[in-house]
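Comments concern the structure below.
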Amino acid sequence: MTHHTRSVPSVAFAPDGRTLATGSCDSTVCVVDVATGAVLQTFRHHTRWVTSVAFAPDGRTLATGSVDKTVCVVDVGTGAVLDTLTHHTGVVLAVAFSPDGRALATGSCDNTACIVGVATEPPSLKRFAAEWLVKHGVEV
């Protein structure tokens, strides 16, 4: 699969295993059909490198993190941005949905991990500083 113009630091399978999301240093995210290699969607929602991608358990929603310090939550079918989260002050290195899809965890170079309630309006936010994580046995 050679659908990006720069390196690809992040990949994630959809829960059904039929599609793959790829996040690239060319600032794009591609959703690819695993069987054929065809690009189904290309998202250009970030202004800098995409460092992390994660599908929600339903496979219809994708979260992406970037060097631009934002997290985008995207409808995979339409490409519409459902939300842009700007709670980090550093590069977003990791995104992960909870098993029920109602929360999104994010990790950043700002020394915090956050849990965002994506099923709430407005989204709820819990921020965990690196010191709290270390105190509770989480390696950072």
Side-chain angles (χ1 to χ4, degrees):
M1 290 184 239
T2 57
H3 45 272
H4 289 291
T5 59
R6 301 206 42 208
S7 59
V8 179
S10 185
V11 296
F13 279 103
D16 67 6
R18 295 181 184 167
T19 54
L20 180 75
T22 59
S24 174
C25 293
D26 65 9
S27 303
T28 66
V29 173
C30 291
V31 178
V32 180
D33 181 293
V34 172
T36 66
V39 176
L40 305 174
Q41 290 275 11
T42 300
F43 306 132
R44 293 177 176 84
H45 305 305
H46 290 288
T47 60
R48 305 275 313 274
W49 302 353
V50 178
T51 55
S52 52
V53 294
F55 279 96
D58 67 8
R60 296 181 304 211
T61 306
L62 184 71
T64 61
S66 173
V67 172
D68 67 13
K69 305 175 189 174
T70 67
V71 174
C72 289
V73 181
V74 181
D75 180 299
V76 175
T78 66
V81 176
L82 304 174
D83 207 346
T84 300
L85 307 173
T86 58
H87 56 277
H88 283 296
T89 59
V91 172
V92 178
L93 295 173
V95 293
F97 279 96
S98 63
D100 65 5
R102 296 175 58 85
L104 176 66
T106 62
S108 171
C109 287
D110 64 11
N111 297 330
T112 66
C114 296
I115 300 173
V116 180
V118 291
T120 62
E121 189 58 45
S124 64
L125 173 66
K126 293 181 183 176
R127 184 180 298 268
F128 300 94
E131 296 80 19
W132 184 91
L133 295 169
V134 170
K135 179 179 174 185
H136 290 86
V138 179
E139 187 174 323
V140 289

Task: Listed partners of Thr70 passing side-chain hydrogen bond (donor to acceptor under 3.5 Å, both in side chains), at least two apart - done: His46, Asp68
TODO: Quick one: pull up CD1 in Ile115 and CG in Leu104 and give me the separation to the nearest 0.5 Å.
DONE: 9.5 Å
Task: Closest non-hydrogen atom pair, Val50 against Thr28 - done: CG2-O, 3.8 Å
Task: Side-chain heavy atoms of Val92 within contact of Ser66, under 4.5 Å - done: no
TODO: Flag yes if Val81 and Val76 sit in one hydrophobic cluster, no otherwise; membership is Ile, Leu, Val, Met, Phe, Trp, Tyr, and two members link when side-chain heavy atoms are under 4.5 Å apart.
DONE: no
Task: Test ring pair (Phe, Tyr, Trp, His ring centres under 6.0 Å) applied to Phe43 - qualifying residues, sequence neighbours left out - done: His45
Task: Thr51 vs Val67 side-chain heavy atoms within contact, under 4.5 Å - done: yes
TODO: For Ser108 and Val91, indicate whether the former's side chain and the latter's backbone hold a donor-acceptor pair under 3.5 Å.
DONE: yes
Open item on the list: Is the shortest side-chain heavy-atom distance between Gln41 and Val74 below 4.5 Å?
Closed with: no
TODO: Tell me, please, which residues at least two apart from Asp16 pass side-chain hydrogen bond (donor to acceptor under 3.5 Å, both in side chains).
DONE: none
Open item on the list: Could you report the tightest heavy-atom contact between Thr22 and Val11, atom names first, then the distance?
Closed with: CG2-CG1, 3.9 Å
Task: Interatomic distance, Lys69 atom NZ to Asp110 atom CG [nearest 0.5 angstrom] - done: 9.0 Å
TODO: Please name the pair of heavy atoms, one in Pro15 and one in Pro57, separated by the smallest distance, quoted to 0.1 Å.
DONE: CG-O, 3.2 Å
Open item on the list: Tell me every residue that passes side-chain hydrogen bond (donor to acceptor under 3.5 Å, both in side chains) with Thr42, counting only those two or more places apart in sequence or in another chain.
Closed with: none
Task: Partners meeting side chain to side chain contact (heavy atoms under 4.5 Å, CB included) with Ala12 (sequence neighbours left out) - done: Val53, Phe55
Task: The single option from Val71, Thr64, Val95 passing side-chain contact (heavy atoms from CB on, under 4.5 Å) against Ser52 - done: Val95
Open item on the list: Going by salt bridge (Lys or Arg N to Asp or Glu O under 4.0 Å), name the residues that satisfy it together with Arg18, two or more places apart in sequence or in a different chain.
Closed with: none
